[in-house]
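Only one structure is covered here, and it is reproduced in the block below.
The structure displayed is predicted, hence computed values, not measured ones. Below, read A as the first sequence line, B as the second, and so on, with proteins coming before strands; counting in each chain starts at 1.
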There are 2 protein chains.
Amino acid sequence: MSEHWQRNDKEAESHGQYISAINRHMQILISAELAPYRIGSGQYIFLMAIAFQQPITQKALSEKLLIDKTTTAKAIAKLEAEGYVRREADPADNRYHLLYLTDLGREVVPHVQEALARVKNKTRKDITDEEYGLLISLLKIVLRNLTEQEKT
Amino acid sequence: MSEHWQRNDKEAESHGQYISAINRHMQILISAELAPYRIGSGQYIFLMAIAFQQPITQKALSEKLLIDKTTTAKAIAKLEAEGYVRREADPADNRYHLLYLTDLGREVVPHVQEALARVKNKTRKDITDEEYGLLISLLKIVLRNLTEQEKT
DNA sequence: TGCAATTAGTTGCAATAGCATCCTATTGAA
DNA sequence: TTCAATAGGATGCTATTGCAACTAATTGCA
């Protein structure tokens, strides 16, 4: 009912709650946008990353996106099942799978980009370019703090 | 291998990827911190919200935290199973469950607060108070944009 | 050269989360 | 008053995600 979300003495305001709420609601929006293409919120990141750089291995994807390799494996399996991605053994090292977009994959990528742009524009409302740049740079710092090695 | 994460022409930089990566890595950290108390990353928000305002109903929790009511039901069931939360039917309206902390719940809350503070401090490194305040306010706008009703 | 260690990827399992649907209690209009 | 509509909550199902443990391929050292 009330307009405030969380702000008071006992409950110090923290980015964590906002981050997780934003993440959940963005996933819901993106899932709805990409449902016509049978692409879920767990797969579009991989599709776009492959579109940007192909061929690429699952290991490289996992490192670039900071996602566990088993999650990557499952997402790629879905994209392959939908016919958007093709897997090929690396002739130089059979442990690697080289990932390519299929023709269908190349067709769907622009639609996915548009859908993501729609979601981004909706969430960016009332935020100037300058503020948005600042937001991104602060999020980068937070992410770096979370993922950098402990220098114990 | 390379230090950059995502930045180039074809792949426009967007907050979404950072938000989800931060969320995932924060969940991992928080899960590890709270494992000794058998509280998962899906439950601590509810525990803290109940600690702040009790009694409270599941519906009120869902609205405050912007979380689906079925997710709330499952999280509360776990907190109840661990003995941290007590459920009581509202005598005024038997559809409601009033939620209270148990003695055990009151004991564990400060430890959870400390664990959350540790995670927050780790992620806040290299960010000034002013910048952090700005980050929070921008995240609030993003969340509002995501959750406000379409005025179509 | 041969075998142990490492590496890329997979599988099984569990936790988180939302949607559709159902149940029960309450409310409200005819 | 009665019964349909509403509301809080629970249950079943599915998707996303990570960890532990595993397989298969490659590397490197004795």
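Note on A:T72: nothing from the nucleic acid sits closer than 4.0 angstrom, heavy atoms only. Counting non-hydrogen atoms under 4.0 angstrom, B:S41 reaches the backbone sugars and phosphates but no base.
In this structure, CD on A:E80 lies 4.0 Å from CZ on A:R87, to the nearest 0.5 angstrom. B:L61 contributes atom CG, which lies 12.0 Å from atom CG of B:L66 (distance to the nearest 0.5 angstrom).
Electrostatic pairing of B:D129 and B:R124 counts as a salt bridge here, judged by a charged N lying under 4.0 Å from a carboxylate O. Look at B:E33 and B:R118 and you find a salt bridge, because one of the NZ, NE, NH1 or NH2 atoms lies within 4.0 Å of a carboxylate O, short of that distance. We find that B:K59 and B:E63 are joined by a salt bridge, their nearest charged nitrogen and carboxylate oxygen being less than 4.0 Å apart.
Contact annotation: B:N94 side-chain N/O to C:dT26 OP1/OP2 distance is under 4.0 Å. Between C:dT16 and B:Q43, a contact under 4.0 Å exists linking OP1 or OP2 to a side-chain N or O. Taking side-chain N and O atoms only, B:R87 has no distance below 4.0 Å to OP1 or OP2 of D:dG8. At least one side-chain nitrogen or oxygen of B:H97 sits closer than 4.0 Å to the OP1 or OP2 atom of D:dA10. The side chain of B:Q27 contributes no N or O atom lying less than 4.0 Å from OP1 or OP2 of D:dT16.
With C:dG9, D:dT16, C:dT16 as the candidates, the nucleotide lying closest to the side chain of A:T57 is C:dG9. Counting only heavy atoms from C-beta on, B:K59 has its side chain closest to D:dG9 among D:dG9, D:dT16, C:dA25.
Atom P of nucleotide C:dA15 and atom CG of B:L29 are separated by 19 Å, given to the nearest angstrom. Rounded to an integer number of Å, the gap from NZ of A:K78 to C1' of D:dT16 is 7 Å. The nearest whole Å value for the distance from the CG atom in A:L99 to the P atom in C:dG9 is 8 Å. We find that CZ of B:R38 is positioned 14 Å from P of C:dA14, with the value rounded to whole Å. Look at CZ on A:R95: it is 12 Å from C1' on D:dG28, rounded to the nearest Å. Look at CG on A:D90: it is 13 Å from C1' on C:dG9, rounded to the nearest Å. With rounding to whole Å, B:M26 atom CE is found 17 Å from D:dT17 atom C1'. Atom CD of A:Q58 is separated from atom P of C:dT7 by 17 Å (rounded to the nearest Å).
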Scan nucleotides 19-23 of chain C against the protein and return all N/O pairs shorter than 3.5 Å with their distances rounded to 0.1 Å.
unit_1, atom_1, unit_2, atom_2, d
C:dC19, OP2, B:D68, OD1, 3.4
C:dC19, N4, B:T70, OG1, 2.7

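For CZ of B:R38, the number of neighbouring non-hydrogen atoms (other residues, nucleotides, ligands) closer than 6.0 Å is 12 at most.
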Stepwise side chain to side chain donor-acceptor pair (under 3.5 Å) check, A:H15 with B:T123: CA-CA 9 Å; A:H15 61 287; B:T123 63; 3.1 Å; yes

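Of the two residues contacting DNA chain C, namely A:Y96 and A:H25, the nearest-nucleotide position lying further toward the 5' end is that of A:Y96.
Screening B:L47, B:I39, B:V119 for a side chain to side chain contact (heavy atoms under 4.5 Å, CB included) with B:L34, the sole residue that qualifies is B:I39.
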